[in-house]
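See below for the structure under consideration.
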Amino acid sequence: MVMKTMQMERTTVAQALEPANIGKKVRICGWVRTRRDSKAGFSFLELNDGSTIKNVQVLAENKLPNYDSEVLKLGIGSSVEVIGNIVESPAKGQATEVKSESLKVFGYADPATYPLQKKGTSMEFLRTIAHLRPRTNTFGAVARVRNEICRSIHNFFQSRGYIYVHTPIITASDCEGAGQMFRVTTLDLNNIPYQNGDSKAIDFEQDFFGKPTNLTVSGQLEAEIYALALSNVYTFGPTFRAENSNTSRHLAEFWMVEPEIAFCDLEGDMGVAEQFLKTIFNDVLTNCPTDMEFFNERIDNTVIETLKSIVNSDFARITYTEAVEILKSCGETFEFPVSWGCDLQSEHERYLTEKKFKKPVIVTDYPAGIKAFYMKLSDDETTVRAMDVLVPKVGEIIGGSQREDRLEVLEKRMIAQGLNPEEYWWYLDLRRFGSVPHAGFGLGLERTVQFVTGMTNIRDVIPFPRAPKTADF
Ligand code: ATP
Ligand code: MN
């Protein structure tokens with residue numbers, strides 16, 4: 001009869017570091033960061049398994065049967081399983097260590113060719129080895145903080161009764177009307193079918209969906225459908241923008257959270273946005289203290305202080321018109337001069353939040369001409385009830401608005417922006433049947449991770465960045 005022994009449950013490195021676990025027999029697994037040998041006949045391994053930025057020290061003595069044959073071959077990047085006891089560590093700076101009773105090697109890593117060496121690992125270089133960079137302290141910490149932010153986002157809305165709605169990724173409508181979209185097609189690009197042999201008009205009836213389709217730039221329009229039935233909803237998913245902007249704040253594929261709130265105006269919307277950001281920042285400070293200390297020490301020595309002060313103070317609120325006045329009279333020279341009617345550039349946004357107010361700023365009531373068709377026209381008929389939340393270093397982190405809930409006004413705005421109301425018949429129906437005031441916003445997940453961690457390039461806060469000429473891994 002074959003006896004099957006149950007595998008011991010794995011203890012994480014984070015758990016093995018807790019003094020409360022001293023005396024327990026455990027199984028820990030992970031990747032070796034360093035090995036130090038002592039002439040006295042034992043070695044120390046620093047082991048990391050991604051559960052925390054810290055490593056646990058493993059004591060491997062030469063009485064282990066595989067000490068000479070295996071332990072002494074372990075270098076950075078090798079993977080092992082250790083069964084042993086958590087003991088009090090005599091070494092400084094760590095409460096515990098693991099004294100091994102047995103050590104099993106899963107896989108060796110050749111130290112001569114292992115791409116992740118301790119020194120000389122720039123962010124640019126690490127992007128070329130995105131399959132190994134999560135094993136570094138920085139990228140492990142980014143992954144854990146990003147995860148905490150996602151948890152916090154869901155908690156925030158779920159605890160307030162918002163319904164999580166999944167909106168489509170492939171769509172036939174352009175939400176922003178900006179046209180920076182990725183086409184989705186199954187047509188043979190080497191043999192494109194044209195209408196009546198006219199070489200200019202592609203016959204999309206032969207395409208998969210029978211019409212032109214793209215990857216979504218926003219789930220908002222569909223979220224509005226559900227808000228006008230379930231009152232408070234949110235979407236949280238990937239969005240795609242074919243903007244050819246090689247900036248440190250733009251990706252071609254990024255994640256966006258979009259709450260849509262019925263029976264709510266712009267003031268209510270701003271209140272939710274401010275509460276939302278403060279909750280996220282507070283959750284990260286509370287639940288990721290070790291990783292945040294790391295970012296504060298190694299990446300940007302202001303992040304913890306900045307987050308704490310934001311949680312404890314009110315955001316500034318100004319209108320676009322006031323912002324333009326401030327920018328015109330501040331004495332600063334900008335690359336793009338400011339005048340009423342122009343879109344605020346990153347340099348303007350950063351001046352307002354970093355120099356003028358030194359905290360998050362909500363700018364409201366933008367000129368109608370520079371904002372999307374769905375934003376509610378104000379009584380002055382020149383501005384819309386839009387709001388952008390700006391934060392230091394990142395600039396715009398949230399874009400939102402109260403939605404136009406009047407049928408005729410919405411139709412006029414669509415036509416003014418070159419959109420065909422007939423194609424949006426379902427969106428207009430929401431204003432035809434039981435229209436209600438409603439509002440919402442979009443928060444870029446990566447810009448949030450950037451702001452929280454202090455990481456300067458957005459490509460380093462998403463596991464596998466998609467940007468112009470960049471789609472590896
Ligand atoms: P920007 O002016 O910075 O390009 P936007 O006005 O195009 O931003 P919105 O359409 O309002 O942004 O999108 C809502 C949020 O999504 C933004 O506030 C930002 O946090 C995020 N976002 C927008 N475009 C990108 C992008 N290309 N990469 C990453 N995040 C983005
Ligand atoms: Mn943009």
Side-chain angles (χ1 to χ4, degrees), residues 146 149-150 153 167 173-182 215-221 223 234-260 266 269-270 272-274 276-277 280 315 320 323 336 342-350 352-353 360-364 366-367 369-375 384-403 417 439-453 455-468 470-471:
R146 185 178 164 113
I149 291 172
C150 294
I153 287 167
T167 52
S173 58
D174 176 3
C175 172
E176 296 295 321
Q180 293 169 317
M181 295 188 293
F182 288 100
L215 295 180
T216 186
V217 295
S218 161
Q220 181 198 314
L221 303 191
Y234 70 107
T235 73
F236 188 6
T239 38
F240 308 85
R241 295 191 187 177
E243 28 193 19
N244 200 3
S245 44
N246 259 308
T247 77
S248 59
R249 305 171 307 111
H250 288 90
L251 289 165
E253 176 177 314
F254 64 99
W255 285 65
M256 189 150 57
V257 190
E258 295 177 278
E260 192 64 39
L266 190 72
D269 197 36
M270 288 192 279
V272 174
E274 179 165 345
F276 181 47
L277 284 174
I280 293 173
F315 292 8
Y320 168 89
F336 298 92
C342 73
D343 210 352
L344 295 184
Q345 302 292 327
S346 172
E347 55 176 345
H348 309 135
E349 298 177 342
R350 292 187 59 169
L352 292 170
T353 175
V361 182
I362 310 183
V363 181
T364 63
Y366 285 77
I370 57 170
K371 287 290 184 184
F373 69 91
Y374 52 72
M375 298 188 179
V384 285
R385 301 249 62 201
M387 63 108 175
D388 281 2
V389 182
L390 317 177
V391 293
K393 292 178 185 158
V394 170
E396 182 191 329
I397 195 166
I398 282 180
S401 69
Q402 185 171 341
R403 317 308 187 189
Q417 299 206 1
F441 60 83
L443 169 78
L445 176 63
E446 286 73 21
R447 294 210 186 152
T448 311
V449 182
Q450 256 190 300
F451 181 67
V452 166
T453 60
M455 295 290 286
T456 48
N457 196 310
I458 198 165
R459 298 178 191 200
D460 299 326
V461 297
I462 187 166
F464 306 105
R466 300 291 179 252
T470 306

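Please read all numbers here as calculations on a predicted model, not as lab measurements. First listed ligand is number 1; within each ligand, the first listed atom is number 1.
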Out of Arg466, Lys371, Glu396, indicate the one that has the non-hydrogen atom closest to atom 17 (C) of ligand 1.
-> Glu396
Would Glu446 count as a contact of ligand 1 if the rule is a heavy atom under 4.0 Å away?
-> no
Does any N/O atom on Phe254 come nearer than 3.5 Å to any N/O atom on ligand 1?
-> no
Using the six-membered ring wherever Trp is involved, compare the ring planes of Tyr320 and Tyr366 and label them parallel, tilted or perpendicular (cut-offs 30° and 60°).
-> tilted
Atoms of ligand 1 less than 4.0 Å from Arg249 heavy atoms?
-> 3 (O), 28 (N), 29 (C)
side-chain hydrogen bond (donor to acceptor under 3.5 Å, both in side chains) against Glu446, all qualifying residues, sequence neighbours excluded | Arg146
Look at atom 14 (C) of ligand 1 and find which of Gln220, Gln450, Met256, Arg241 reaches it with the closest heavy atom.
-> Met256
Quick one: does Ile458 get within less than 4.0 Å of ligand 1, heavy atoms only?
-> yes
Before signing off on this row, confirm whether Ile397 and ligand 1 have an N or O atom pair separated by under 3.5 Å.
-> yes
Do Thr453 side-chain atoms and Val449 backbone N/O form a donor-acceptor pair below 3.5 Å?
-> yes
Answer yes or no: is there a donor N or O on one side and an acceptor on the other, between the side chain of Glu274 and the main chain of Phe315, under 3.5 Å?
-> yes
The salt bridge (charged side-chain N to carboxylate O under 4.0 Å, His left out) partners of Arg249 (sequence neighbours excluded) come to none
Give the numbers and elements of all ligand 1 atoms closer than 4.0 Å to a heavy atom of Gly399.
-> 11 (O), 18 (O)
